[in-house]
Visitor: 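Structure provided below as structure tokens; questions to follow.
The chain is numbered in sequence order, starting from 1.
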Amino acid sequence: MGLETPQELEQAGGREASGHPALGAGPSANQSGGGVPHPANAEAKAEMDADEAAREKQRRKQSSTGQVMEVPPMDEYLCPISGDVMEEPVTIASGHTFDLKSIQKYFEGAWVAREKQRRKQSSTGQVMEVPPMDEYLCPISGDVMEEPVTIASGHTFDLKSIQKYFEEGNKDCPITHEPLENFDLARNEDMARSIEEWRARNTVMRIQAARPKLQSAKEEEVEGGLLELFQLCEERATNRYWVAAEGLIPVVVNLLKSSSRNLRRKTLATLANLANGNDENKELVVDAGAIQLAVRSLSRDVGESRQGVALLLELSKSPKVCEEIGRAQGSILLLVTMLNNENANAAKDAAAVLQQLASNDQNVVQMAEANHFKPLAERLSTGSDMTRIVMASALSRMSLTDQSKAVLVQQGAIPPLVTMIASGKLEAKAAALGALQNLSSLAANRNELIRAGVVPPLLTLLFSVTSVVMSLKEGAAAILANISMAAGAQAETRIDANGAILESEETIFQLLSLMNLAGPNIQVNLLKALLGMASVPQSMEVRNRMIVGGAVDVLIPFIDGSEGGPATRPLAARVLRELSKEPEAGKSVADSLMEGQGAALKAIIAMLQDKDAHDNRAAAASLIAALPPSDAKLNQALVQADVVQTLVAMLGMKGGGVGTNAQLKDAALEGAANALVRFTLPSNIKQQQQLAELGAIPQLVTLLVTGNAGAKRGAALCLGNFSESSPTLSVSVKAKSGGCCFKPPEEPKCVLHGGTCSVRSSFCLLEAEAIDPLVGAMGEKEPLTAEAALTALSTLMADSCRWEASVKIIHESGGFGRVVQQLSEGTERAKEKGVWMLEKLFRLEEYKFEYATKAQGALIEITQHGSNETKPVAAKILSHLELLHQQSSYF
């Protein structure tokens, strides 16, 4: 856009000529551009008329006398440009007066020169700027005035400059230096308007000059155009409107498609500046497709992603645009990812954008799906009823990792959900139950659920006799099951922090009564709840209350199939297993299983023999393991049903691996190993021999290496039972007689038992190569497993064995180091066996030096805090090591 006429140049430069139509001043020379008579014009005309009258009078007088005389013109009559008396004086915006023809010629010459310069610069791609008129410059600072004001002398200055001049104590006009009547400052609207028009003209020309640069094929020229726009936006906020008006925003947005990383980064920064504080520009940026392109930048390098998120942050300040950002594919996921960006400012901006987007419920749900849960947790606490329902419903549908479940609880999601269950409407209860069922599946969240008081409203829903929707009861039962099952791994027996509500006889009775009235889904979860309550190691009181409440009678029908279905049978078996831990209950369960035609026991055996269902096999085997081992009638029934063969065959399953099926298989192996313990008792050597013939011992040794901790415990218990019978079964070797010339070779003797040993005939652990695996099992973290392994090894040091040889073998396997460790970390029974083994060890002088120092601390601790069985033995050892006098009271 150029200056087409002198008049346009005059307007752009701020000059307003008066008194001539050609200068756009109106019909009369006595009117200014605004239509108001200019005082300077009127005064000059009056003076000229008075002088003309005086000259006429003088002329007449001279004419009568014949003399010629002229009055010289005053200086103000002369045009400052031509030096001649003005024929048609006109005043411009600065207040100065010129002859009309002279000032027009001046303006036309300046315009022609500037137009030539503009065309020259346009052809070379340079930015042409119209230089400011002198009157635009502040007489004090020399710069273009930002806010022109006129003082009492009639001269105009920039506001800041003249204020500073007065503040320095000056009381005169900076130009005339004459004292001022007052210090009033009047804004010069005409001058301000002229300057603004001059600036706008220059801005438009700079913007127009940037277009070819932005569309250039040369990257450096494009960067120059971006820099020009960026600087324009920094100079004045209104310039952002001019850039938009020239249609350059789509051009800039298109640069985000460039393959140049540096160019994209600078484009993002320029767009953010164009959108800064300008909602109209924000919408234009969005309309040009910038959002999706900016979102792509979030996944790129740190520098580009930093500028991308800065642009999105600026755009998100417009509610309308904010919705567009939330709808952009991948935007929320990438923004959440940027919260961990190595650039702290980028992470901060990403958090700010997410905060803006969080005004939309759907965006909040997407954030939670991307593992950014804080907005959702806040909505649950502070949102409207409908918002809470939306958040809870979304939470119930999400596939959450354990870490996500823990984070949600840390951010306060549980208390508002509990409130929704307790006092919300039907829809709110359903949504909250779904969400809590999801969160309660993490055992670590159990205590927070209890502290939030979730148990009472769950029980209220379960026991309600009103027309409560069945799905609500199913949800309540599922949460209760999760909470109860989580308690199994904790020492705390109280399920409810407000008074052990689940432990009360009334609650247990109601739960058991509900078993026969509920549907399959609720039955499954109620069984899980009962199992969790009964599985806590210290919950003997709870188990006894269940027994008193008739739990065995309620559960047996779920075993024989008269109640429940395939999903409830293994759960009922596991609850009976836990109840059987109490001596009296174990006998009661065994009797109930064999009542009538023994349908329930047959069902358990069928479960055990179901090769395709590891869950059933594990539940059945673990129940058999928990029943009293001395119950002869039960044992006979199991043997007659070939349960022994089935259990030995199960030992051949390959354990280990990952996944639910692998875990069930491991559980089945564990159950089988522990169930076999009842058939390996030393009191029934015939049964032991049957197991040995079936090849059970080598498989038990293998299980010591490959099984889980529970399976290793069962294997060690079985091997210990076998080993107790070895001295009796080891065959004494008789010397064979021969001729005078021939003596038959002697049969090899077992170094431990002194006779002929084998795995199948005497169950010898040395022959079975079980020593090293037992020493390894003694290092298990599970105390009962370590105890079982230690007990098995201790059978080799019985007086009926060659215990000195056993000491050597166990020493060479590193076993006594583990024994010493058990003195500090093991169970009380492990400590009893351990000190017994060490007492024999230290009878042999060659081992004193190696083990005395290692065992000293643990032995002293036992003499001070041990049981009545371990104290005297530990004291005896210390005395033998000359660390305690024989006269000690410990003897």
Side-chain angles (χ1 to χ4, degrees), residues 380 388-389 392-393 395-396 405 408-409 412-488 490 492-536 539 542 545-546 549 571 575:
L380 283 174
R388 293 181 183 184
I389 292 173
S393 298
L395 193 54
S396 68
K405 294 170 188 175
L408 274 161
V409 172
I414 286 181
L417 291 172
V418 172
T419 301
M420 291 171 68
I421 294 176
S423 58
K425 296 180 180 179
L426 191 63
E427 188 179 4
K429 290 180 187 292
L433 284 169
L436 284 176
Q437 185 175 345
N438 205 346
L439 295 178
S440 64
S441 61
L442 178 64
N445 289 342
R446 169 187 178 271
N447 289 339
E448 187 58 37
L449 284 160
I450 292 171
R451 279 193 290 268
V454 73
V455 174
L458 291 178
L459 294 177
T460 299
L461 284 174
L462 276 174
F463 301 149
S464 175
V465 295
T466 60
S467 56
V468 175
V469 177
M470 188 57 65
S471 61
L472 297 186
K473 289 194 174 186
E474 290 179 0
I479 298 168
L480 201 59
N482 287 340
I483 294 174
S484 301
M485 293 293 286
Q490 304 183 35
E492 176 61 55
T493 62
R494 293 180 177 274
I495 299 298
D496 178 64
N498 298 321
I501 292 174
L502 284 185
E503 294 182 4
S504 70
E505 293 181 7
E506 179 183 359
T507 301
I508 291 173
F509 177 77
Q510 287 179 309
L511 289 174
L512 292 171
S513 299
L514 195 59
M515 286 294 301
N516 297 325
L517 302 175
N521 292 335
I522 295 179
Q523 287 176 335
V524 166
N525 285 309
L526 289 178
L527 284 169
K528 287 181 179 179
L530 292 171
L531 177 61
M533 294 161 60
S535 298
V536 179
S539 60
V542 176
R545 286 178 180 172
M546 288 185 184
L571 287 170
V575 178

Visitor: Using a 6.0 Å cut-off, check whether atom CD of Gln510 has over 12 heavy atoms from anything other than its own residue.
Guide: yes
Visitor: What are the two closest non-hydrogen atoms of Ala392 and Leu417, and how far apart are they?
Guide: CB-CD2, 3.8 Å
Visitor: Where do Leu527 and Val575 come nearest, in terms of heavy atoms and distance?
Guide: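 Minimum heavy-atom contact is O-CG2, 3.7 Å.
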Visitor: Are the side chain of Ser423 and the backbone of Met420 linked by a donor-acceptor contact shorter than 3.5 Å?
Guide: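 Absent.
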Visitor: Can you measure from NZ (Lys473) to CG (Leu517) and round to the nearest 0.5 angstrom?
Guide: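 Going from NZ on Lys473 over to CG on Leu517, the span is 9.0 Å.
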Visitor: With side chain to side chain contact (heavy atoms under 4.5 Å, CB included) as the test, would you mind laying out the steps for Ile450 and Ile483 before giving the verdict?
Guide: CA-CA 8 Å; Ile450 292 171; Ile483 294 174; 4.3 Å; yes
Visitor: Could you walk me through whether Glu448 and Leu439 satisfy the side chain to side chain contact (heavy atoms under 4.5 Å, CB included) test, starting with their C-alpha distance in whole Å, then the side-chain angles of each, then the deciding distance to 0.1 Å, before giving a yes or no?
Guide: CA-CA 10 Å; Glu448 187 58 37; Leu439 295 178; over 6 Å; no
Visitor: For residues Ile421 and Ala432, report the shortest heavy-atom separation together with the two atoms involved.
Guide: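 Shortest heavy-atom separation between Ile421 and Ala432 comes out as CG1-CB, 3.7 Å.
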Visitor: Provide the closest heavy-atom pair for Ala476 versus Leu462 in the form atom of the first, atom of the second, distance.
Guide: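 Where Ala476 meets Leu462 most closely, the heavy atoms are CB-CG, 4.1 Å.
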Visitor: Work out which heavy atom in Thr507 is nearest to a heavy atom in Phe463; give both atom names and the distance.
Guide: O-CZ, 4.2 Å
Visitor: Ignoring hydrogens and angles, tell me if any N or O in the side chain of Ser464 forms a donor-acceptor pair with the backbone of Leu461 under 3.5 Å.
Guide: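 No.
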Visitor: One pair to check against side chain to side chain contact (heavy atoms under 4.5 Å, CB included): Leu426 and Leu472. What are the steps and the verdict?
Guide: CA-CA 9 Å; Leu426 191 63; Leu472 297 186; 3.2 Å; yes
Visitor: Rounded to the nearest 0.5 Å, what separation is found between the CG atom of Leu511 and the CE atom of Met546?
Guide: 8.0 Å
Visitor: Is Asn438 close to Lys405 at the side-chain level, that is, under 4.5 Å between some pair of heavy atoms?
Guide: yes
Visitor: Between Gln523 (side chain) and Met515 (backbone), is there a donor-acceptor pair under 3.5 Å?
Guide: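 Present.
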Visitor: Would a distance-only check, ignoring hydrogens and angles, find a side-chain to backbone donor-acceptor pair under 3.5 Å from Asn521 to Glu474?
Guide: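 Absent.
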Visitor: Above 12 or not: heavy atoms from other molecules or residues under 6.0 Å from NZ of Lys528?
Guide: no
Visitor: How far does CG of Leu458 sit from CD1 of Ile479, to the nearest 0.5 angstrom?
Guide: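 Going from CG on Leu458 over to CD1 on Ile479, the span is 5.0 Å.
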Visitor: One pair to check against side chain to side chain contact (heavy atoms under 4.5 Å, CB included): Val409 and Leu442. What are the steps and the verdict?
Guide: CA-CA 10 Å; Val409 172; Leu442 178 64; over 6 Å; no
Visitor: Could you check whether atom CZ of Phe509 has more than 12 heavy atoms from other residues, nucleotides or ligands sitting under 6.0 Å from it?
Guide: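 Counting other residues, nucleotides and ligands, CZ of Phe509 stays at 12 neighbours or fewer.
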Visitor: Is any side-chain heavy atom of Leu408 closer than 4.5 Å to one of Asn445?
Guide: no
Visitor: Indicate the atoms forming the closest heavy-atom contact of Ser396 with Gly434, along with that distance.
Guide: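 The answer is CB-C, 3.3 Å.
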Visitor: To the nearest 0.5 Å, how far apart are CG in Asn525 and CG in Leu480?
Guide: 9.0 Å
Visitor: Roughly how far, to the nearest 0.5 Å, is CG of Leu530 from CG of Leu512?
Guide: 5.5 Å
Visitor: May I ask you to test the Ile389-Lys425 pair for a side-chain heavy-atom distance under 4.5 Å?
Guide: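 With C-beta onward as the side chain, the pair stays apart.
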